Amino acid sequence: MEQNRSHSKVDKLPPELKREVEERLLSGETYEGISDYLKGQGEDIHYSSIGRYGQKFLKRFESVRIAKEFAKLLAEDNADRPTTELHEANNLLASQLIMEALVDDRMDAEERGKMAKSIASLQRAQVSNEKLKLQSRKERGAVHVAMEMLKDKVFAEIAEGHPEIADALMQLADETEKEMQKMQ
């Protein structure tokens, strides 16, 4: 059974008046003040109707604002973050926006179906992302094991006759391993 969609009186306003209402909501004007403005424009909409519309509008606006800020932060922080973390954050953000869209009472059944498919795609992408993270951890472990083997061989071959060279090589191996871990 499909829900009836609510049709706000504000939604029925001419586009330029609706935009003006939204601008006034964003600037912090009171619902009563907006109602009075609309009455001056020949539209009789009670302040409680503006309040109901305003709450939904401001919530959607805030979600989009947060999403943009989050995306901006991710883009600025890109150099230091592994790609998998960026994809994960992006998927979480997209999922949040899709879920908010799904609860929008103005969306019809066909649009809801498309949104549900989008969530399934995001879930598949998240599974792939988790596989990449596991592979990365395995590779990091392999690098650590290889570096330890190298240090053991260096120590066994060089340390007895040239301990200062062995120490320098071990220190270089440790630094190299740390650098490689930062890159992953």
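Index from 1, following the sequence. Keep in mind that this is a model prediction, so the values were computed, not measured.
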Listed partners of E110 passing salt bridge (Lys or Arg N to Asp or Glu O under 4.0 Å), at least two apart: K114

Got a list of side-chain donor-acceptor pairs under 3.5 Å for residues 34-45, not counting sequence neighbours?
| residue | atom | partner | partner atom | Å |
| --- | --- | --- | --- | --- |
| S35 | OG | I45 | O | 2.6 |

Separation of K12 NZ from L17 CG (nearest 0.5 Å): 15.5 Å

Atom pair OH (Y47) and CZ (R52), whose distance is rounded to the nearest 0.5 Å: 10.5 Å

Residues in side-chain hydrogen bond (donor to acceptor under 3.5 Å, both in side chains) contact with R19, at least two apart in sequence or another chain: none

Nearest-0.5 Å distance, NZ of residue K18 to CZ of residue F57: 9.0 Å

Sequence-distant partners of E32, salt bridge (Lys or Arg N to Asp or Glu O under 4.0 Å), two or more places apart: none

Contacts of S48 that satisfy side-chain hydrogen bond (donor to acceptor under 3.5 Å, both in side chains) - sequence neighbours left out: H46

side-chain hydrogen bond (donor to acceptor under 3.5 Å, both in side chains) involving E23 - partner list, sequence neighbours excluded: none

F61 side chain near L25 side chain, heavy-atom distance below 4.5 Å: no

Nearest-0.5 Å distance that lies between atom CG in L13 and atom CD in E22: 9.5 Å

R24 and E20: CA distance, side-chain angles, deciding distance, side chain to side chain contact (heavy atoms under 4.5 Å, CB included) verdict: CA-CA 6 Å; R24 289 171 181 252; E20 182 63 29; 2.7 Å; yes

Nearest-0.5 Å distance, CG of residue L26 to CD of residue E62: 10.0 Å

